[in-house]
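In what follows, a single structure is set out as structure tokens and then discussed.
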Amino acid sequence: MGAVTSTAPSPGSPPSSLLGLAPVIPVVIVQDVDQAVPLARALVAGGLPVIEVTFRTPAAADAIRAIAEEVPDAVVGAGTVLSPEQVETAVAAGSRFLVTPGWTDRLLGALDASGLPYLPGVSTTSEVVALLERGVEEMKFFPAEAAGGTPYLKALASPLPQARFCPTGGVNAATAPQYLALPNVGCVGGTWMLPADALDAGDWGRVESLAREAAALRG
């Protein structure tokens, strides 16, 4: 993984790092592919250009493809990637990054081979050390709140200063600033700017407003 950058990459190119583009990565579960583009446009307009579309629904790959083709200012990637086959599907759909909830040697090999930046999920110190041995320094801390939250990450900062994290899982608008204040946290992942009732109603103005509040968490 390359050095952290604070500016978005050019459209279509993968970012050198995911952790410096925005303070929050929205974690999106797309049920209806027709929602993907207006949802992405609302998030980008609100200042959250990095969008993780999770492989939790059949619409995920088509949603990634639609966003990649129609929202050039979005940095769209695939989340909940569990297998090399899903890595291939995500790359073919136009993903510019990959996120996993955990990792195995086989999955890590596929992530490396993709040529895209990725955040493998960790929840233990041993997993962090194992990734550092492989040259991976940027990781997803998941499930963040259940796995120890800010006290856990704070404890890792001194012995493992080279490891940097995107905590995801139970993070919300109230707890996100506590994570972002830690020296080893580059951004957080969350869903609070995507309330179900707003998505059901197609209230993209509300999504944009909530995204703008999230983008301002680390000014």
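FYI, side chains are in, hydrogens and waters are out, and symmetry mates aren't considered; it's all heavy atoms of this structure.
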Rounding to 0.5 Å, atoms CG (Leu194) and CG (Leu39) come to a distance of 5.5 Å
Would you compute the distance between atom OG of Ser83 and atom CD of Glu88 and round it to the nearest 0.5 angstrom? 8.5 Å
Can any side-chain N or O of Thr100 pair as donor or acceptor with the backbone N or O of Trp103 at less than 3.5 Å? no
Any Lys140 side-chain heavy atom under 4.5 Å of Glu52 side chain: yes
Could you give the distance from CG (Asp197) to CZ (Arg206), rounded to the nearest 0.5 Å? 4.5 Å
Where do Met193 and Leu48 land on the side-chain contact (heavy atoms from CB on, under 4.5 Å) test, with the steps shown first? CA-CA 10 Å; Met193 73 297 300; Leu48 298 181; 4.3 Å; yes
Looking at Pro38 and Trp204, what are the two nearest heavy atoms and their distance? CB-NE1, 3.5 Å
Of all heavy-atom pairs between Ala147 and Ser123, which one has the smallest distance, and what is that distance? CB-CB, 4.0 Å
Hydrophobic clusters here meaning ILVMFWY residues chained together by side-chain heavy-atom distances under 4.5 Å, can you tell me if Leu210 and Ile29 are in one? no
Please report the C-alpha distance between Ile25 and Thr168 in whole Å, then the side-chain angles of each, then the deciding distance to 0.1 Å, and finally whether the side-chain contact (heavy atoms from CB on, under 4.5 Å) criterion is met. CA-CA 9 Å; Ile25 297 179; Thr168 305; over 6 Å; no
Please report the interatomic distance CG(Leu18) to CZ(Arg96), rounded to the nearest 0.5 Å. 10.5 Å
Interatomic distance, Gln178 atom CD to Leu180 atom CG [nearest 0.5 angstrom]: 10.0 Å
Side chains of Val99 and Val81: closer than 4.5 Å at any heavy-atom pair? no
Check for me, please, whether Val44 and Ile64 land in the same ILVMFWY cluster - side-chain distances under 4.5 Å, paths through other members count. yes
In this structure, OG of Ser126 is separated from CG of Leu131 (nearest 0.5 Å) by 11.0 Å
If we ignore hydrogens and angles and just use 3.5 Å, is the side chain of Ser95 paired with the main-chain N or O of Gly77 as donor and acceptor? no
Can you confirm whether Leu119 sits close enough to Leu19 that some side-chain heavy atom of one is under 4.5 Å from a side-chain heavy atom of the other? yes
Do Cys187 and Pro23 have side chains that approach each other closer than 4.5 Å (heavy atoms only, starting at C-beta)? no
Heavy atoms of Ala90 and Leu98 approach each other most closely as CB-CD2, 3.6 Å
Identify the two heavy atoms, one from Ala61 and one from Ala93, that lie closest to each other, and give their separation to 0.1 Å. O-CB, 3.5 Å
Could you list all the side chain to side chain donor-acceptor pair (under 3.5 Å) pairs where at least one residue sits in residues 182-194, not counting sequence neighbours? none
In chain order, what residues pass the side chain to side chain contact (heavy atoms under 4.5 Å, CB included) check against Arg212, with sequence neighbours excluded? Glu208
Shared hydrophobic cluster, Leu132 / Leu107 (ILVMFWY, side-chain heavy atoms < 4.5 Å): yes
Apply side chain to side chain donor-acceptor pair (under 3.5 Å) to Asn172 and list each qualifying residue two or more places apart in sequence or on a separate chain. Thr175
Quick check against the 3.5 Å criterion: does Glu127 have a side-chain atom that pairs as donor or acceptor with the backbone of Thr124? yes
Do the side chains of Arg106 and Glu85 get close enough for a salt bridge, i.e. N-O under 4.0 angstrom? yes
Val33 and Leu199: same hydrophobic cluster, using ILVMFWY side-chain contacts below 4.5 Å? no
Taking every heavy atom of Pro120 against every heavy atom of Val136, the minimum-distance pair comes out as CG-CG1, 3.9 Å
Could you check whether any side-chain N or O of Thr80 sits under 3.5 Å from a backbone N or O of Arg56, counting only pairs where one atom can act as donor and the other as acceptor? no
Listed once per pair and sorted, the side chain to side chain donor-acceptor pair (under 3.5 Å) pairs that draw on residues 32-44, sequence neighbours left out: none
Might you point out which heavy atoms bring Gly189 and Cys166 nearest each other, and give the distance in Å? N-SG, 3.6 Å
Residue pairs involving residues 142-158 (criterion side chain to side chain donor-acceptor pair (under 3.5 Å); sequence neighbours excluded): Thr125-Tyr152, Glu145-Tyr179
Would you say Tyr118 and Val27 are hydrophobically clustered, going by side-chain heavy atoms of ILVMFWY under 4.5 Å? no
Does a side-chain heavy-atom distance below 4.5 Å link Val24 with Leu217? yes
For a 4.5 angstrom cut-off between non-hydrogen side-chain atoms, does Phe165 reach Val122? yes
Within a strict 4.5 Å, meaning less than it, do heavy atoms of the Val185 and Leu153 side chains meet? yes
Applying side-chain contact (heavy atoms from CB on, under 4.5 Å) to Val128 and Met139, what does each step give before you reach the verdict? CA-CA 8 Å; Val128 175; Met139 312 168 196; 3.8 Å; yes
Scan for ring-ring contact (aromatic ring centres under 6.0 Å, His included) pairs involving residues 46-101, sequence neighbours excluded, and state none if there are none. none
